Amino acid sequence: MTQPSPGDHGAPATMDRRSFLRTGLGGAVLLGGISLTAGLMGCATAPARNSDTATADDYAFRFFTRDDIVLFEALLPAIIGPGLPEAPNDRRQQIDRTIARMDAGVVQFGSANQNELRQLFDLLNFGPTRVTLARVWPSWEHVSTTEANAFLNRWRTSRVGLFNKGYMALIKVTNVAFYGYKDNWPLSGYPGPPAWAMDALPQFRTRA
Amino acid sequence: MALMDRIAQGLAGDWKVTDAATLTENQTLEADVVVVGTGAGGGTTAEILARAGLSVIMVEEGRLYYQKDFKMDELTAYASLYQDGMSRVTRDGAISILQGRCVGGSTTVNWTSSFRTPEPTLNHWADHFGLDDLRPDILKPWFDGREQHHNIAPWAVAPNVNNDVLRQGCEKLGWSWAVIPRNVKGCWNLGYCGVGCPTNAKQGALLTTIPGALDHRAQLIHGLRADRLVMAQGRIDRLLATALSADGVTPRNIQVELKARHFVVAASAIGSPGLLLRSELPDPHNRLGKRTFLHPVNASLAEMPQQVEPYYGAPQSIYSDEFNFRQGVDGPAGFKMEVPPLHPALSAAVMPGHGKQQASNMSKLPKLQSVIALIRDGFHSDSPGGQVSLQDDGSPILDYPISDYLWTGMREAFMKMTELQFAAGARRVQLMHLDSPWFTSWADARQAIAKLPMTPHRVRLFTAHQMGGCGMGSKPEQSVVNSFGEHHQVANLSVHDASIFPTSIGANPQLSVYALSARNSVHLAARLNA
Ligand SMILES: Cc1cc2nc3c(=O)[nH]c(=O)nc-3n(C[C@H](O)[C@H](O)[C@H](O)COP(=O)(O)OP(=O)(O)OC[C@H]3O[C@@H](n4cnc5c(N)ncnc54)[C@H](O)[C@@H]3O)c2cc1C
Ligand code: SF4
């Protein structure tokens, strides 16, 4: 059902209309083709294979690319902060498992919302836009937690609504996948569903 | 035994339920009536028509989940039971849209508050949209009937602390409050209504109207997305639908064609106008998708001295209408005050922060209390609502510009919620706003709120109540359907869901949908059986 949209100045219509930056920002049209450009420039555009991450067990990614994983390996320590364990192995495993849960969540988003996220991730992964819009100079694997945090704060406090929107998208998908997971419930003091109710309900009874 | 599951029994018995993920070839099916969507409106419609002896096929895009699947886990529930895995937003991303997508629709995940349509709302509709036959006294028997059908009664158990703080604040300030009627039977007071009731206490569509329809030989096909209605000679000839895979999202290469004498669309606000737009049905006055309303919600968070445990107990049991209609039905934006349940994932999604600040806020969850304001949109000319249109993939999207009129109402709501929480003994209060610190006094908060930028994204906004887009009215120039939900231009098409409301409701909408759908379905059954 793709239709050319008027006034897209030659950018591919689908890209332009779905672009994460499509509203309110003068450069929206300019940035409309990021996904396409990123693909042509050799950014990873295929979902990551399990071997791409060290410890995400045997999870098969359906949305996150290798580059997205690197991006979130840099962002998670800033987004979750003190919620992550200190010990390097545990930390690494928590990060990778959270990213795997994020992927599983995003699969349910529907194609239009997935495209929005794709635009956002590509914009952050693609060198020229990473530098100009996120003002992050090194590539993500070299970004420190302090730098990642500074980036998040820039987008959070920006007067450009689209950066606020990008900030919210990044932290929301991360926070939900992290704090919503049962191993992390103790961090919010949530004891989980009442044990007495689980004991009494048939769906929690494992068949003998 | 109370735990005997009605769905499991029906499936084991003679119910006609098909999971479209299991279809192996294209199908053509036929019935007297095809109903699209199985939520508040669709379920009611299917049951009444089936009981009237008509053959009915229910088409539902979401999948069938019931007691065996309801394990009080947020992540699985949000992924499987909500539209877009809970990621639905307005076009600019400023308002998060919570909406159900499963058999039972939003009633499977709603918080069980059950209000009649407020009288000022119905009178406003009569006066402005020519809906004289929906005046309060005329609708009364329909509310009575649906309250009985869904076992609706004021919550008789003590409110949880989260709700009780709302009550206490109102008491201190001399504001009105009341106990919320709920649609539950034998409720365990657990607090997991939003992730699918694990005890079968909630009397939503899933355990009332849908079993009622299936008991009367209606057929249900779930995991089947209605794509377009096809016209021939001025009537809807058939519905084209696509089967989805067991993951609930991936379309399969299997088409189902449904033929019927009459089609009832009940895919709700956003969904129903979306289907009608895709179908390119006549819309001579360009009304389709317009005037979509949301009860936009802003929120305030309090840290209380006592344990709140906002994740346990009936999620909503106290409300305040102090500021809802106070300045007239069509004066400055009024709002209803309620509380939301706070489980960890929902809290983490709603609290806009990261790093140390977020970790610290999250760690206080057991003592956190929240108040929400539901802004009554659509009653004033400066609140014309949003517009549904189609995206490249054919899915509907809502543009909802927030007018100064609404921002003013939201700022006022921030004031009142904060005042209330401090009056109820809050230690600190934080607005769900990117620029809000924790305030330690009402005086500080009041000063800051007066200057707070009220702009998209910075104010965190939500909606669990989508309404309008196929608005009803007596004049075709102003509306899509008449007061019976009958399409003005297409004779064998009706709309029976929240999308027909010409304004927002001014109260949680499910009972309004149940009652109006019941009335319109009885009317339709008589028409079809004549
Ligand atoms: C978290 C939450 C809490 C709520 N709490 C309350 C509350 O306490 N009290 C209250 O009164 N209201 C509450 N509501 C709102 C209330 O549940 C809805 O207003 C009501 O269910 C709307 O009824 P409906 O028939 O219009 O739509 P729904 O009940 O949403 O049903 C619409 C159905 O149509 C299906 N559909 C959509 N598109 C298609 C398609 N193309 N093909 C096939 N099927 C399709 C959807 O999957 C869905 O199942 C809440 C909602 C949410 C999300
Ligand atoms: S409070 Fe618990 S038992 Fe009661 S309706 Fe909600 S989920 Fe069901």
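Below, read A as the first sequence line, B as the second, and so on, with proteins coming before strands; counting in each chain starts at 1. As the structure is a prediction and not an experimental result, all values here were calculated from the model.
- Interface residues of residues 93-101 of chain B toward chain A, defined by a heavy-atom distance below 4.5 Å and sorted by number: B/Gly93, B/Ser96.
- Of the residues considered (B/Gly85, B/Ser347, B/Gly353, B/Ser360), B/Gly353 shows the highest number of contacts with chain A, using heavy-atom pairs under 4.5 Å.
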Side chain to side chain contact (heavy atoms under 4.5 Å, CB included), that's the test. Do A/Asn149 and B/His354 meet it? Break it down for me.
CA-CA 9 Å; A/Asn149 188 44; B/His354 70 273; 2.8 Å; yes
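- The main-chain N or O of A/Ile79 is never found under 3.5 Å from a side-chain atom of B/Gln358 such that the two would form a donor-acceptor pair.
- At a 4.5 Å heavy-atom cutoff, B/Glu309 makes no contact with chain A through either its backbone or its side chain.
- Side-chain atoms of B/Arg88 and A/Asn113 include no donor-acceptor pair closer than 3.5 Å.
- Among all heavy-atom pairs drawn from B/Ala349 and A/Val176, the shortest one is CB-CG2, 3.5 Å.
- The two residues B/Met72 and A/Ala197 have their closest heavy-atom pair at CE-CB, 4.3 Å.
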Q: Check the pair A/Phe109, B/Met86 against side chain to side chain contact (heavy atoms under 4.5 Å, CB included), reporting the backbone distance first and the verdict last.
A: CA-CA 7 Å; A/Phe109 277 18; B/Met86 197 97 148; over 6 Å; no
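- When the candidates A/Ala177, A/Ala104, A/Ala78 are compared by the number of heavy-atom contacts under 4.5 Å with chain B, A/Ala78 comes out ahead.
- With hydrogens and angles disregarded, no donor-acceptor distance shorter than 3.5 Å links the side chain of A/Gln203 to the backbone of B/Lys71.
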query: Yes or no on side chain to side chain contact (heavy atoms under 4.5 Å, CB included) for A/Lys165 and B/Asp92, after CA distance, side-chain angles and deciding distance?
result: CA-CA 8 Å; A/Lys165 174 186 173 182; B/Asp92 67 359; 5.9 Å; no
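- Here the CG-OG distance, from B/Asn361 to A/Ser188, works out to 12.0 Å after rounding to the nearest 0.5 Å.
- Counting heavy atoms from C-beta on, the side chains of B/Thr455 and A/Arg159 never come closer than 4.5 Å.
- Looking only at heavy-atom pairs under 4.5 Å with chain A, the residue among B/Leu365, B/Leu190, B/Asp247, B/Leu75 that has the most is B/Leu75.
- Heavy-atom distances place the side chain of B/Tyr312, and not its backbone, under 4.5 Å from chain A.
- In A/Glu141, the CD atom is crowded: over 12 heavy atoms of neighbouring residues, nucleotides or ligands sit closer than 6.0 Å.
- Among the candidates B/Gly355, B/Gly191, B/Ala345, the residue making the largest number of heavy-atom pairs closer than 4.5 Å to chain A is B/Gly355.
- Among the candidates A/Asn175, A/Thr145, A/Ile80, the residue making the largest number of heavy-atom pairs closer than 4.5 Å to chain B is A/Asn175.
- When the shell of 6.0 Å around NZ of B/Lys68 is examined, it contains more than 12 heavy atoms from other residues, nucleotides or ligands.
- Taken from CZ in A/Phe178 to CE in B/Met362, the straight-line distance is 9.5 Å, to the nearest 0.5 Å.
- Inter-residue side-chain proximity for B/Trp188 and A/Trp196 is flagged as met; some heavy-atom pair is nearer than 4.5 Å.
- In this structure, the separation between CG on A/Asn115 and CG on B/Asp393 is 7.5 Å, given to the nearest 0.5 Å.
- Both the backbone and the side chain of B/Ser363 come within less than 4.5 Å of a heavy atom of chain A.
- In this structure, the separation between OH on A/Tyr181 and CD on B/Glu74 is 14.5 Å, given to the nearest 0.5 Å.
- Only the side chain of B/Tyr192 comes within contact range of chain A, with heavy atoms under 4.5 Å apart.
- Interface summary for chain A: among B/Ala359, B/Ser80, B/Pro456, the most heavy-atom pairs under 4.5 angstrom belong to B/Ala359.
- The shortest heavy-atom contact between A/Ala112 and B/Gln391 is CB-NE2, 3.1 Å.
- Within the structure, salt bridge (Lys or Arg N to Asp or Glu O under 4.0 Å) pairs that include any residue of residues 348-369 of chain B do not occur (at least two apart or interchain).
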Check the pair A/Glu116, B/Val89 against side chain to side chain contact (heavy atoms under 4.5 Å, CB included), reporting the backbone distance first and the verdict last.
CA-CA 11 Å; A/Glu116 288 261 315; B/Val89 288; over 6 Å; no
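- B/Tyr311 has its side chain within reach of A/Pro191: a pair of non-hydrogen atoms, C-beta onward, lies under 4.5 Å apart.
- No donor-acceptor pair under 3.5 Å is formed between the side chain of A/Gln108 and the backbone N or O of B/Val249.
- Using a cut-off of 4.0 Å between Lys/Arg side-chain N and Asp/Glu carboxylate O, B/Asp435 and A/Arg156 are scored as not salt-bridged.
- Of all the listed residues (A/Gly110, A/Gly81, A/Pro82), the one sharing the greatest number of non-hydrogen pairs under 4.5 Å with chain B is A/Pro82.
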